[in-house]
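The structure appears right after this line, and notes come after that.
These figures come from a predicted structure and were not determined experimentally. Convention: sequence-line order gives letters A, B, ...; per-chain numbering from 1.
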Number of protein chains: 2
Amino acid sequence: MAWPSERRSESRDRILLSAERLFTERGFDGVSIDQVMQDAGMTRGAFYAHFKSKRELYAEAISSAAKRMEARHPASTDELIRRYLSIQHLESKAGSCPLAFLVSDIGQRDTQIRETYTRIFNALAGKLGGEPGSEPDDAALRTLVLMVGGVAVARAINDADLAERVLEACREGALDQCASSAEQRLQ
Amino acid sequence: MAWPSERRSESRDRILLSAERLFTERGFDGVSIDQVMQDAGMTRGAFYAHFKSKRELYAEAISSAAKRMEARHPASTDELIRRYLSIQHLESKAGSCPLAFLVSDIGQRDTQIRETYTRIFNALAGKLGGEPGSEPDDAALRTLVLMVGGVAVARAINDADLAERVLEACREGALDQCASSAEQRLQ
DNA sequence: GTCTATAGGCAGATAGAC
DNA sequence: GTCTATCTGCCTATAGAC
């Protein structure tokens, strides 16, 4: 969902870009408006000329980060799974998926933010299986949980070898599930 | 791992119990020491007679919450999966699993806290498959990611029906995986 | 050990000059 | 639109009375 009636200034876009990166990396409480504005090359006072509140910025940043990811999605589902469940994604400082990086941050936020998260989740699940436009099927939900959960867990644990093994195990599981689900659809 | 050399006062246990519930529900930044102490029936000043810092309390609370869960684990793996991936677990105000509820909170914390999380993760993974004492196998890692990820995602999304469907899809996947993994071990 | 009081810092949001 | 300055409130942590 876009906000077509709103003007997009260059400053606004710079704030949003900084917010995407910082919020995804550190969560809502881990980032101050001051830090976002400094990263964007401005001072605090200018913030409220572009956004109503920190919460509004957070919701827009998550939505914008998801759109940016979507724009770079590979054509093949297999390739998407491989890139998502990779060390590169885990360690990326930009372009990370808010579904995984913020999954346990969202439950504490307000309705608008949780709606944004749910919309993004549904969109990605729809890409992974089921008829487009209708509800995603169970296999797609499982695959997406393996992707989101795998990245979230690998980021939490403090053991690089175990993190790699988690990513690999989930990658195999997700690819298997996708293959057998596509097979079933051909029957 | 316990701290056997430390005395356990009744007050200390009450603080810890409140911290388990509040931190698991709202995360590190979502809870103040004031709130924990009020919940435990004391005032702020008494806190530092029992814990060195908020971070220390957080680490101990996560560890303690995991131990409390473990003590109530059912004998059967299937039953564990069913209870973990249930609405009751999702909505429980106490006895929830910090692995799922805090998964994307942990990456922002210090080494001690991340080590605690990793240790708990390994312990639960070991219960789900592989030889006891050695490293958990890939199927166990996948099963645990489905459980942790399923609960985390279901908590994040703002759609009760979809949350139920996510839990159910993960439950089926985890039970299937467990069954076929046990089968393989018998061969 | 528990209390009240407070130090010292940082946060979100606003006001008004330019 | 962007700046500096400030209001207001909450936080962690400590000091000192009891």
Side-chain angles (χ1 to χ4, degrees), chain A residues 3 5-62 64 102 105-106 108-114 116, chain B residues 3 5-62 102 105-106 108-113 116:
Chain A
W3 285 261
S5 62
E6 285 179 19
R7 278 297 137 81
R8 284 268 167 132
S9 74
E10 198 195 317
S11 291
R12 197 189 135 96
D13 285 344
R14 248 168 46 230
I15 296 171
L16 204 48
L17 194 61
S18 296
E20 286 173 38
R21 197 169 51 77
L22 292 169
F23 277 137
T24 306
E25 183 74 15
R26 307 183 206 163
F28 182 80
D29 289 319
V31 181
S32 67
I33 293 176
D34 221 7
Q35 290 171 323
V36 172
M37 294 304 284
Q38 272 192 21
D39 191 84
M42 282 170 281
T43 56
R44 243 177 315 181
F47 174 76
Y48 295 91
H50 301 283
F51 297 92
K52 202 181 62 187
S53 66
K54 186 184 178 183
R55 282 157 40 199
E56 186 189 282
L57 175 65
Y58 191 64
E60 288 212 35
I62 291 173
S64 182
L102 300 174
D105 192 291
I106 300 297
Q108 303 164 39
R109 309 274 93 84
D110 63 25
T111 305
Q112 187 200 349
I113 290 169
R114 298 186 64 191
T116 301
Chain B
W3 285 263
S5 63
E6 284 180 21
R7 280 297 138 81
R8 287 265 165 134
S9 73
E10 198 196 316
S11 290
R12 197 190 135 96
D13 285 345
R14 246 167 49 227
I15 296 170
L16 203 49
L17 194 61
S18 295
E20 286 173 39
R21 196 170 52 80
L22 291 169
F23 278 137
T24 306
E25 183 75 15
R26 308 183 205 162
F28 183 80
D29 289 320
V31 180
S32 68
I33 292 176
D34 221 7
Q35 290 171 323
V36 172
M37 293 303 284
Q38 272 192 19
D39 191 83
M42 282 170 282
T43 57
R44 245 175 313 181
F47 174 76
Y48 294 91
H50 301 283
F51 297 92
K52 204 180 64 189
S53 67
K54 184 182 178 183
R55 282 156 41 201
E56 186 189 280
L57 175 66
Y58 190 65
E60 289 211 36
I62 291 172
L102 300 173
D105 191 292
I106 300 297
Q108 303 163 39
R109 309 275 94 83
D110 62 26
T111 305
Q112 188 200 348
I113 290 168
T116 300

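Annotation: side chain of A:V36 is not in contact with side chain of A:F51 (no heavy-atom distance under 4.5 Å). Looking at heavy atoms from C-beta onward, A:E60 lies out of side-chain contact with A:H50 at the 4.5 angstrom threshold. Proximity of A:I33 to A:Y48: side-chain heavy atoms (C-beta onward) are separated by under 4.5 Å at one or more points.
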B/S/- contact track for nucleotides 12-18 of chain C, protein heavy atom under 4.0 Å:
BBB----
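The CD1 atom of B:I15 sits 14 Å away from the P atom of D:dT12 (whole-angstrom rounding). B:Q38 has its CD atom 14 Å from the C1' atom of D:dC11, to the nearest Å. Look at CE on B:M37: it is 7 Å from P on C:dT2, rounded to the nearest Å. For B:H50 and C:dC3, the NE2 to P distance is 9 Å, given to the nearest whole Å. As rounded to whole Å, 15 Å separates atom P of D:dT14 from atom CZ of B:F51. The CG-P distance, from A:D29 to C:dC10, rounds to 17 Å in whole Å.
Judged purely by atom type and a 3.5 angstrom limit, B:R14 uses its side chain to pair as donor or acceptor with the backbone of B:A40.
For B:D29 and B:R109, the salt-bridge test passes: some basic side-chain N is under 4.0 Å from an acidic carboxylate O.
Ring pair A:F23/A:F28 is parallel by interplanar angle, where below 30° counts as parallel and above 60° as perpendicular.
For C:dC3, one of the phosphate oxygens OP1 or OP2 lies less than 4.0 angstrom from a side-chain nitrogen or oxygen of B:T43.
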